[in-house]
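Comments concern the structure below.
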Amino acid sequence: MGEEENNNSSSKNSGGCDGGMVEAPAAKENGRAADPRLQAISDAIRVVPHFPMPGIMFNDITELLLRPAVFKDAVDMFVERYRGMGIAAVAGIEARGFIFGPAIALAIGAKFIPLRKPKKLPGEVISETYVLEYGTDCLEMHVGATEPGERVVVVDDLVATGGTLSAAIKLLGLWNNRTHILT
Ligand SMILES: O=P(O)(O)OC[C@H]1O[C@H](OP(=O)(O)OP(=O)(O)O)[C@H](O)[C@@H]1O
Ligand SMILES: Nc1ncnc2[nH]cnc12
């Protein structure tokens, strides 16, 4: 977990995410010993070997979604972490960031920004292509979704290579180089 203030001066099309990482207040509380809810959340995530291709250990959150109490705990932990921190927006990464992001946004009184796969958004967009464990993909965001100086939390279900999260940070930083990003 960390905060990044984007200081890059990249153009809309070139990207960049060179801000320094600062430890978020709750980061030191990570670890299953710190919060009893984490064990149940971890237990509810099914690991499926060799999906969708050989060598990939797929972390499946659909079992967690079938357990409302555990699903609620997962959302609540993020709400507790970010409530009262002046968060203006939650940016959810398609598709699984759309499962957790809106619930977190509503609970902390923030707007929700969908970071979508290509050609889904009808307005003017900025795009960022990135590399995954299994191929490449691209994220898009509507221009103007954030205002100067807003603090944005990026939400997704997991980080594997970090390529998707990095692309999301670049997108937010591209639009507004004074956006604060928490992940
Ligand atoms: O850290 P990374 O290597 O970038 O991988 C993590 C990303 O991969 C998964 O999404 P995926 O691209 O499979 O898309 P989906 O949610 O639409 O299935 C996951 O939900 C993250 O967004
Ligand atoms: N190991 C993994 N499990 C679930 N989703 C993923 N997306 C990329 N890598 C993944």
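Since we're looking at a predicted model, the values are computed, not measured. Counting starts at 1 for both ligands and their atoms, following the listed order. Values reported hereafter were calculated over all heavy atoms of this structure, with side chains retained and with hydrogens, waters and symmetry mates removed.
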Original post:
Is there side-chain contact between P122 and H142, with heavy atoms separated by less than 4.5 Å?
Top reply: yes
Subject >> Beyond-backbone contact of T129 with D137, side-chain heavy atoms, under 4.5 angstrom >> reply: no
Original post:
So which protein heavy atom does atom 3 (N) of ligand 2 come closest to, and at what separation?
Top reply: N59 N, 2.8 Å
Original post:
What is the closest protein heavy atom to atom 7 (N) of ligand 2, and at what distance does it sit?
Top reply: Y134 OH, 3.1 Å
Subject >> In one Ile/Leu/Val/Met/Phe/Trp/Tyr side-chain cluster, 4.5 Å: I61, V47 >> reply: no
Original post:
How close does the nearest protein non-hydrogen atom get to atom 3 (O) of ligand 1, and which residue and atom is it?
Top reply: T161 OG1, 2.5 Å
**OP:** Nearest heavy atom to atom 17 (O) of ligand 1 wins, so pick from R96, K117, R116.
**Re:** K117
Original post:
So is D137 polar-close to ligand 1, meaning N/O to N/O under 3.5 Å?
Top reply: no
Original post:
Is the number of heavy atoms from other residues, nucleotides or ligands under 6.0 Å of K72 NZ greater than 12?
Top reply: no
Original post:
How would you list all residue pairs meeting side chain to side chain donor-acceptor pair (under 3.5 Å) that involve residues 84-95, not counting sequence neighbours?
Top reply: E94-R116
**OP:** Give a yes or no on whether I93 and L132 share a hydrophobic cluster (residues Ile, Leu, Val, Met, Phe, Trp, Tyr; joining criterion: side-chain heavy atoms under 4.5 Å apart).
**Re:** yes
Original post:
Roughly how far, to the nearest 0.5 Å, is CG of L121 from OG of S127?
Top reply: 9.0 Å
Subject >> ligand 1 to A160 polar contact by distance, N or O atoms, under 3.5 Å >> reply: yes
Original post:
What atoms of ligand 1 come closer than 4.0 angstrom to any heavy atom of D157?
Top reply: 19 (C), 20 (O), 21 (C)
Subject >> Any N/O pair A160/ligand 2 closer than 3.5 Å >> reply: no
Original post:
Residues two or more places apart in sequence or in another chain: which of them pass side chain to side chain donor-acceptor pair (under 3.5 Å) with R96?
Top reply: D157
Original post:
Which one holds for L158 and ligand 2: side chain close, backbone close, both close, or neither close, with close meaning a heavy atom under 4.0 Å?
Top reply: side chain
**OP:** List the closest protein heavy-atom neighbour of atom 12 (O) of ligand 1: residue, atom name, distance to the nearest 0.1 Å.
**Re:** L132 CD1, 3.5 Å
**OP:** Ignoring angles and geometry beyond distance, decide whether V159 reaches within less than 3.5 Å of ligand 1 through its nitrogen or oxygen atoms.
**Re:** no
**OP:** For atom 9 (N) of ligand 2, find the nearest protein heavy atom and state the residue, atom name and distance (0.1 Å precision).
**Re:** E133 OE1, 2.3 Å
Original post:
What protein heavy atom sits nearest atom 1 (N) of ligand 2, and how far off is it?
Top reply: M57 O, 2.8 Å
**OP:** Could you pull out, from L165, T164, D156, the option with a heavy atom nearest to atom 22 (O) of ligand 1?
**Re:** D156
Original post:
Which of the atoms in ligand 1, numbered in the order shown and given with their element, are less than 4.0 Å from a heavy-atom of L158?
Top reply: 6 (C), 19 (C), 21 (C)
Original post:
When you measure from atom 5 (N) of ligand 2 to every protein heavy atom, which one gives the shortest distance, and what is it?
Top reply: R96 NH1, 3.1 Å
Original post:
How long is the gap from CD on E63 to CZ on F71, to the nearest 0.5 Å?
Top reply: 14.0 Å
**OP:** Find the distance between CE (M77) and CD1 (I104) and round it off to the nearest 0.5 Å.
**Re:** 11.0 Å
